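All values derive from a computational prediction rather than experimental measurement.
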Amino acid sequence: MVTLQGDTVYLRALEPEDLEFISRVENDEDIWEVSNTVVPYSRFLIRQYLENARQDIYEAKQLRLAICYKGSFDAVGLIDLYDFDPVNLRAGVGIIVYNTEQRNKGIGRQALGLLINYAFSKLHLHQLYANIDTANTASISLFTTFGFQFAGIKKDWNRRDNAYFDEALYQLIQH
């Protein structure tokens, strides 16, 4: 896959050198609620995942890309197409800019714009969707900037700290 180039960031395929970064992200309990992770991932499992990352989206039903600044190989975040459905031409979208100091600098906006363009122009998807915690106003703002429309609430969808939280569904449909 060719890298997807933006003004100051680009998206690239995962490489074996991303092992440490992905291990940090996947094992950071502070963000488990976003990814619905409940147990840590071993370096062995992440290494296996990276070895299989060469599968295309039609095999894996997922595409995870590293978000990098132009001129640097190091990832600052990850962006995913997941639950890829080639019959109904849709996929979910997830994004994380990992280092909090890197947030609110347009990185996520550029990365999401690149991925949306790729999904519609190269994969010819009809629809993208995002599941977002209703309290995550930053993500809601990011996705609605690109025209994602609120489609509904999944009541008491996610459990954290013995409490239940609603999750909103946002959709972007290509007409």
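Here CG of Leu142 is found 12.0 Å from CD1 of Ile107. Values are rounded to the nearest 0.5 Å. Atom CG of Leu115 and atom CD1 of Ile67 lie 9.0 Å apart (nearest 0.5 Å). Between the NZ atom in Lys70 and the CD atom in Gln5 there is a gap of 5.0 Å [rounded to 0.5 Å]. Atom OG1 of Thr134 sits about 9.0 Å away from atom CG of Asn136, to the nearest 0.5 Å. Between Arg24 atom CZ and Leu19 atom CG the span is 10.0 Å, to the nearest 0.5 Å. Taking CZ from Phe84 and CD1 from Ile57, the interatomic distance works out to 5.0 Å, rounded to the nearest 0.5 Å.
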- [ ] Evaluate side chain to side chain contact (heavy atoms under 4.5 Å, CB included) for Gln149 paired with Gln171, printing each intermediate quantity in order.
- [x] CA-CA 5 Å; Gln149 303 273 317; Gln171 294 173 287; 5.6 Å; no
Open item on the list: salt bridge (charged side-chain N to carboxylate O under 4.0 Å, His left out), that's the test. Do Arg47 and Glu20 meet it? Break it down for me.
Closed with: CA-CA 10 Å; Arg47 189 175 293 113; Glu20 293 302 323; over 6 Å; no
TODO: Begin with the C-alpha distance, continue with both residues' side-chain angles, and end with the deciding distance and a verdict on side chain to side chain contact (heavy atoms under 4.5 Å, CB included) for Leu78 and Leu14.
DONE: CA-CA 9 Å; Leu78 299 167; Leu14 298 179; 4.0 Å; yes
Open item on the list: Quick one, Ile22 with Leu50, criterion side chain to side chain contact (heavy atoms under 4.5 Å, CB included). Give me CA distance, side-chain angles, the key distance, then yes/no.
Closed with: CA-CA 9 Å; Ile22 293 172; Leu50 286 170; 3.6 Å; yes
Open item on the list: I'd like to know whether Leu63 forms a side chain to side chain contact (heavy atoms under 4.5 Å, CB included) with Asp80, so could you lay out the CA-CA distance, the side-chain angles of the two residues, the decisive distance to 0.1 Å, and finally the verdict.
Closed with: CA-CA 6 Å; Leu63 173 65; Asp80 295 40; over 6 Å; no
Open item on the list: One pair to check against side chain to side chain donor-acceptor pair (under 3.5 Å): Thr8 and Gln110. What are the steps and the verdict?
Closed with: CA-CA 8 Å; Thr8 59; Gln110 274 191 65; 2.5 Å; yes
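Ring centroids of Tyr170 and Phe150 are separated by less than 6.0 Å, placing the two rings close together. Checked against a 6.0 Å centroid threshold, the rings of Tyr69 and Tyr10 do not count as neighbours.
Within a 6.0 Å sphere centred on NZ of Lys122, other residues, nucleotides and ligands contribute 12 heavy atoms or fewer.
Residues Asn162 and Arg159 approach most closely at OD1-NH2, 2.7 Å, considering heavy atoms. Taking both residues in full, the closest heavy atoms of Ile95 and Ala111 are given as CD1-CB, 4.1 Å, listed atom of the first, atom of the second, then distance. Across every non-hydrogen atom of Ser139 and Ile132, the tightest pair is CB-CG2, 3.8 Å. The nearest pair of heavy atoms linking Arg109 to Phe146 is O-CZ, 3.1 Å. Taking all atoms of both residues into account, the shortest heavy-atom contact from Cys68 to Ala75 is SG-CA, 3.9 Å. Minimum heavy-atom separation, Ala168 to Ile153: CB-CD1, 4.0 Å.
The closest donor-acceptor contact from the side chain of His126 to the backbone of Gln174 lies under 3.5 Å. Ser121 places a side-chain N or O within 3.5 Å of a backbone atom of Asn117 that can act as its donor or acceptor partner. Although no hydrogens or angles enter the test, the distance criterion places a donor-acceptor pair under 3.5 Å between the side chain of Asp85 and the main chain of Val87. No side-chain donor-acceptor contact under 3.5 Å links Asn88 to the backbone of Arg90. Checked by atom type and distance alone, the side chain of Thr144 never pairs as donor or acceptor with a backbone atom of Gly147 at under 3.5 Å.
Under the 4.5 Å side-chain criterion, counting only non-hydrogen atoms from C-beta, Lys105 is not in contact with Val97.
A salt bridge links Asp133 and Arg160; the closest N-O separation between the charged side-chain nitrogens and carboxylate oxygens is under 4.0 Å.
No path of Ile, Leu, Val, Met, Phe, Trp and Tyr side chains, each step under 4.5 Å between heavy atoms, connects Tyr129 with Ile96, placing them in separate hydrophobic clusters. Note: the hydrophobic cluster containing Trp157 does not contain Phe165 (ILVMFWY, side chain heavy atoms under 4.5 Å, direct or indirect links). Cluster annotation: Leu114 is not connected to Tyr82 through the hydrophobic network of ILVMFWY side chains, with a link wherever side-chain heavy atoms come within less than 4.5 Å. Leu172 and Leu169 fall into different hydrophobic clusters, defined by Ile, Leu, Val, Met, Phe, Trp and Tyr side-chain heavy atoms under 4.5 Å apart, directly or through other members.
Geometrically, Arg12 engages Phe73 in a cation-pi contact, judged by NZ or CZ lying under 6.0 Å from the ring centre and within 45° of the ring axis.
Of the residues Ile173, Leu123, Ile116, the one that meets the side-chain contact (heavy atoms from CB on, under 4.5 Å) test with Leu128 is Ile116.
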